[in-house]
Amino acid sequence: MELLHSPSISQYSPKLHSRSSNIRKTGLSFGFPHNYFAEFEKKARPSALAVNAAIDGGGESDTAVVVEKPLPYGLLRRFEVLSGHPAPFGATARDGGINFAVFSSNATSAALCLISLADLPEKKVTEQIPLDPSINKTGDVWHVFLQGDFDNMLYGYSFDGKFAPEEGHYFDSARILLDPYAKAIVSRAEFGALGPEKDCWPPMACMLPTADKFDWEGDLPLKFPQRDLVIYEMHVRGFTNHESSGTEFPGTYRGVVEKLDHLKVLGVNCIELMPCHEFNELEYYSYNPVLGDYKVNFWGYSTVNFFSPMGRYSSAGMHKSGLGAIDEFKYLVREAHRRGIEVIMDVVFNHTAEGNENGPMFSFRGVDNSVFYMLAPKGEFYNYSGCGNTFNCNHPVARQFILEFLRYWVIEMHVDGFRFDLASILTRVAGDMLTTGAPLSSPPLIDMISSDPILSGVKELIAEAWDCGGLYQVGAFPHWGIWSEWNGKYRDIVRQFIKGTDGFSGAFAECLCGSPNLYQEGGRKPWNSINFVCAHDGFTLADLVTYNDKHNMANGEDNKDGENHNNSWNCGQEGGFASISVKKLRKRQMRNFFLCLMVSQGVPMIYMGDEYGHTKGGNNNTYCHDNYINYFRWDKKDESSTDFFRFCCHVTKFRHEAESLGLDDFPTAERLQWHGHTPGMPDWSESSRFVAFTLVDKVKGEIYIAFNASHLPVTVTLPERGGYRWEPLVDTGKQTPFDFLGDDVPEKKTALKQYAHFLDANMYPMLSYSSIILLLCPDEMIENS
């Protein structure tokens with residue numbers, strides 16, 4: 001989330017229950033009147049009866065057994081109410097009932113609100129249970145235990161206390177709040193559908209736990225070595241929502257399952273899901289006159305509830321009060337594992353959807369604002385996220401919340417790892433300390449996650465090691481030897497070198513080796529570098545070689561949003577309409593980028609759609625489009641099946657087969673030799689645009705890889721190996737299918753003969769802006785072929 005992908009908070013005006021008196025006069029029933037607790041204070045206190053215990057039917061006992069009498073609430077027709085337990089947090093089924101526990105240190109009173117499915121759209125509370133702090137509070141935890149008929153019931157909380165924004169408090173007993181620990185949120189069933197009265201923030205409530213169990217069918221973690229991963233960044237809805245997907249359940253978890261075999265063909269063994277926790281896609285809802293549709297929060301980097309899977313990504317909708325969405329997400333994980341594909345979650349702990357002081361209040365702000373958010377001395381929200389607020393990650397309560405969230409998704413949902421959006425915020429000082437927001441060398445949260453015995457088996461802990469407050473920690477993120485990073489420096493350097501910028505040959509070589517300049521000194525390995533050229537932020541791969549400038553007019557913000565510095569090159573003409581020669585060069589550059597990604601040490605990450613050349617028309621900030629701009633085009637993929645997609649599949653397969661392209665440590669001189677236009681003479685000068693190297697490979701023998709980023713062709717002299725000759729495998733300067741000379745090329749022998757006179761002289765010609773892979777083969781093998 002490097003780019004700012006939300007409109008100005010000050011321009012956002014959701015329909016909210018306000019604390020102001022003029023709003024209260026409207027008679028909204030989804031909330032408590034402000035004198036509610038005063039009215040119930042006397043009759044809300046439970047009593048205890050001392051009962052003499054009879055022994056063998058006679059006599060009286062020396063001791064008295066204290067039996068709690070159900071709370072005498074006149075409203076409670078369906079439930080028996082007891083004091084409950086302070087742990088665990090959330091709603092927990094136990095002892096024939098449900099225990100509720102929630103933290104709030106600054107609230108003066110609290111109530112549990114039970115809401116029927118029928119009452120939710122009417123904004124009505126079905127049963128209200130005030131909590132007596134003398135028996136329903138332990139420390140700073142409010143709790144209650146209920147037994148009764150929970151069919152079609154949901155829940156929320158109400159807290160009262162000081163409403164003083166200048167002190168960081170926003171308590172309002174008229175607000176029904178979501179439990180931060182809720183396991184599913186019930187609201188709208190259909191993605192993009194407005195609520196009653198065209199409400200962008202329709203009422204939400206929390207699912208109550210049930211006894212239903214998902215059948216994992218023996219699913220276990222795949223536990224691939226991280227060095228062997230090929231990651232694919234995916235948007236669940238965007239992957240199958242285009243009509244060309246032909247799926248039965250487009251835009252859903254089940255839709256993804258229908259298309260998992262595509263990823264197997266591509267060679268992907270790990271998917272990184274863009275945010276799949278409950279968010280409100282209507283958060284930015286507004287008419288877009290440019291496209292004539294409505295802007296939404298498509299990407300999802302604005303969490304409403306962390307424990308809950310996004311309900312409107314489920315074909316089940318609100319089935320079983322949200323349990324259907326949980327089961328469908330589990331189904332996706334199970335079926336991915338069945339196909340040998342791990343699942344990583346993109347998590348957003350840098351901020352929440354509550355925004356700044358002008359934003360909505362539906363959970364953390366109303367529960368205990370000053371605990372969960374970083375605040376300035378006068379109550380203002382620090383905005384290191386660029387989205388209005390900053391989650392107070394290193395506060396003891398907040399970091400325990402994050403730890404329990406991670407455990408839940410690993411234990412209950414079987415995910416294999418996490419990518420932390422704007423993770424540098426996780427290293428900033430908590431808001432209750434003297435220097436709020438300053439970076440810490442040993443952040444308590446990162447320490448807890450890294451040392452947790454349950455999370456110790458989770459190898460994929462990936463940091464986006466920067467934030468919108470200017471903190472940039474690529475190569476320096478506190479890591480405890482296990483954290484990996486989105487390597488933003490890899491992206492920038494590779495883009496610069498491949499497009500022919502002077503002065504990057506040495507830095508490009510470092511990238512090919514897994515960025516030892518960033519990770520070796522701190523004791524990390526090449527696989528701690530997550531290498532990528534493109535991601536959801538910024539240009540797609542096709543747009544990277546088609547546009548010099550961003551073209552974001554479709555966002556309706558006068559092209560002012562999005563990153564201005566993209567290190568892109570249009571290959572001579574701006575936009576999709578270009579000459580044949582320019583289009584050929586663009587295809588060549590796309591192959592160069594993909595080949596570089598797959599031959600670099602570290603873990604490669606592909607962005608969804610890049611494997612067929614998806615274009616967003618030069619838009620590098622498509623956060624708001626639920627349309628063709630962000631949808632995977634299966635028809636375009638099919639058109640590319642014998643072209644760029646074929647190339648990508650072959651190169652990825654080669655990476656998996658070659659032992660030397662996923663090393664467990666940084667390559668040494670025994671393994672790798674650098675070359676220039678002549679063997680053993682690399683050119684690291686400022687004007688050099690050529691990098692070549694050989695790798696000793698235990699499977700492939702020896703591999704020669706070269707990149708010519710010059711506008712001029714070059715004929716390279718190859719290293720001499722007695723009794724062997726180099727044979728071309730990849731040449732991005734060739735048209736398909738000769739760009740990869742696999743066994744599926746019927747004219748392979750003919751193509752090899754065309755270069756025999758060069759190879760006999762131990763030379764190879766390279767076009768401008770091209771790259772090659774040659775394999776060392778015994779002379780007799782080539783003669784026999």
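Worth saying up front: this structure is predicted, and the values here are computed from it rather than measured.
Considering only heavy atoms from C-beta on, Val603 stays 4.5 Å or farther from Ser484 through its side chain. At least one side-chain heavy atom of Asn621 sits under 4.5 Å from a side-chain heavy atom of Asn619. Proximity of Leu178 to Val304: side-chain heavy atoms (C-beta onward) are separated by under 4.5 Å at one or more points. Two residues are said to be in side-chain contact when any heavy atoms from C-beta on lie closer than 4.5 Å; Trp527 and Asp664 meet this criterion. Contact of the Glu272 side chain with the Tyr232 side chain is not registered, since no non-hydrogen atoms from C-beta on lie closer than 4.5 Å. Between Phe418 and Val410, some side-chain heavy-atom pair lies under the 4.5 Å cut-off. With a 4.5 Å cut-off on side-chain heavy atoms, Phe401 and Phe391 count as touching. Contact check for Leu273 versus Val236: side-chain heavy atoms found under the 4.5 Å cut-off.
For the 3.5 Å distance criterion, the side chains of Asn106 and Asp368 qualify, holding a donor opposite an acceptor. A donor-acceptor pair shorter than 3.5 Å cannot be found between the side chains of Thr92 and Asn99. Side-chain contact of Asn566 with Asn620: a donor-acceptor pair under 3.5 Å is present, judged by distance alone. Counting only N and O atoms by type, the side chains of Asn567 and Gln496 include a donor and acceptor under 3.5 Å apart. A donor-acceptor contact closer than 3.5 angstrom is absent between the side chains of Glu510 and Ser515. For the residue pair Asn555 / Tyr623, no side-chain donor-acceptor distance below 3.5 Å is found, with atom types taken as modelled. Asn356 and Asn383 share no side-chain donor-acceptor pair at under 3.5 Å.
Side chain of Asn369 to main chain of Tyr170: no donor-acceptor pair is present (N/O by atom type, distance under 3.5 Å, no hydrogens or angles). Checked by atom type and distance alone, the side chain of Asn280 pairs as donor or acceptor with a backbone atom of Cys200 at under 3.5 Å. Judged purely by atom type and a 3.5 angstrom limit, Glu563 uses its side chain to pair as donor or acceptor with the backbone of His565. Here the side chain of Asn392 pairs no donor or acceptor atom with the backbone of His395 at under 3.5 angstrom. Remark: the backbone N or O of Met374 is not paired with any side-chain donor or acceptor of Thr390 at under 3.5 angstrom. Of the possible donor and acceptor atoms, none in the side chain of Ser450 sits under 3.5 Å from a partner among the backbone N and O of Asp447. Thr622 contributes no side-chain N or O that, together with a main-chain N or O of Asn630, makes up a donor-acceptor pair within less than 3.5 Å. Between the side chain of Asn389 and the backbone N or O of His351 there is no donor-acceptor pair closer than 3.5 Å. Looking at His85, its side chain never comes within 3.5 Å of a backbone N or O of Ala87 through a donor-acceptor pair. Remark: the backbone N or O of Leu282 is not paired with any side-chain donor or acceptor of Asn297 at under 3.5 angstrom.
The ring pair (Phe, Tyr, Trp, His ring centres under 6.0 Å) test applied to Phe224 returns no partner, not counting sequence neighbours. Residues that satisfy the side chain to side chain contact (heavy atoms under 4.5 Å, CB included) test with Met413, not counting sequence neighbours, are Pro309, Ile326, Phe329, Lys330, Tyr408, Trp409, Val415. For Asn564, the side-chain hydrogen bond (donor to acceptor under 3.5 Å, both in side chains) test picks out Lys550, with sequence neighbours left out.
Scanning both residues, Gly417 and Val458, for their nearest heavy atoms gives CA-CG1, 3.6 Å. Phe163 and Phe171 make their closest contact through CD1-O, 3.4 Å (heavy atoms, listed as atom of the first residue, atom of the second, distance). For Gly437 against Arg428, the heavy-atom pair with the smallest separation is O-NH1, 2.7 Å. Residue Cys468 comes nearest to Ser385 through the heavy atom pair SG-O, 3.3 Å, listed as atom of the first residue, atom of the second, then distance.
A distance of 7.5 Å separates CH2 of Trp142 from OG of Ser104, quoted to the nearest 0.5 Å. With rounding to the nearest 0.5 angstrom, the CE atom of Met207 is 11.0 Å from the CG atom of Asp179. For the atom pair Asn528 CG and Ile482 CD1, the distance stands at 9.5 Å (nearest 0.5 Å). Distance check, rounded to the nearest 0.5 Å: CD of Gln520 to OG of Ser529 gives 13.0 Å. The structure places OH of Tyr373 at 11.0 Å from SG of Cys393, a figure rounded to the nearest 0.5 Å. Between the CD1 atom in Ile98 and the CG atom in Leu208 there is a gap of 4.5 Å [rounded to 0.5 Å].
Under a 4.0 Å N-O distance rule, the pair Arg419/Glu485 does not qualify as a salt bridge. In this structure, Lys489 does not pair ionically with Asp492, as no charged nitrogen and carboxylate oxygen lie closer than 4.0 Å. At a threshold of 4.0 Å, the pair Lys223-Asp416 does not count as salt-bridged, since none of the basic side-chain nitrogens sits closer than that to a carboxylate oxygen. Using a 4.0 Å cut-off between charged side-chain N and carboxylate O, Glu357 and Arg365 make no salt bridge. Salt-bridge formation is detected for the pair Asp452/Arg407: a Lys NZ or Arg NE/NH1/NH2 atom is positioned less than 4.0 Å from an Asp or Glu carboxylate oxygen.
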Working note: Val296 + Cys624, criterion side-chain contact (heavy atoms from CB on, under 4.5 Å); need CA distance, chi angles, decisive distance, verdict. CA-CA 5 Å; Val296 299; Cys624 59; 5.9 Å; no
Does the salt bridge (Lys or Arg N to Asp or Glu O under 4.0 Å) test come out yes or no for Asp665 and Lys525, once each step is laid out? CA-CA 6 Å; Asp665 213 335; Lys525 304 295 183 181; 3.2 Å; yes
Show, in sequence, the C-alpha distance, side-chain angles and deciding distance for Cys276 and Tyr313, and conclude whether the side-chain contact (heavy atoms from CB on, under 4.5 Å) test is met. CA-CA 8 Å; Cys276 289; Tyr313 284 172; 4.2 Å; yes
Trace of the side-chain contact (heavy atoms from CB on, under 4.5 Å) decision for Val367 with Leu177: CA-CA 7 Å; Val367 172; Leu177 304 171; 4.1 Å; yes
Run the salt bridge (Lys or Arg N to Asp or Glu O under 4.0 Å) test on Glu278 and Lys183 for me, step by step, so that the C-alpha distance in whole Å, both residues' side-chain angles and the decisive distance to 0.1 Å come before the verdict. CA-CA 10 Å; Glu278 186 68 26; Lys183 303 308 185 289; over 6 Å; no
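Taking the six-membered ring for Trp, Tyr490 and Phe508 have ring centres at least 6.0 Å apart. Between His143 and Phe103, the ring centre distance reaches or exceeds 6.0 Å.
The residue from Phe349, Trp486, Trp483 that alone fulfils the ring pair (Phe, Tyr, Trp, His ring centres under 6.0 Å) condition with Phe420 is Trp483. Of the candidates Trp299, Tyr607, Phe298, Tyr301, His235 forms a ring pair (Phe, Tyr, Trp, His ring centres under 6.0 Å) with just one, namely Phe298. The residue from Met605, Arg495, Glu233 that alone fulfils the side-chain contact (heavy atoms from CB on, under 4.5 Å) condition with Cys534 is Arg495.
Few gaps surround CD on Glu166; more than 12 heavy atoms of other groups in view lie less than 6.0 Å from it.
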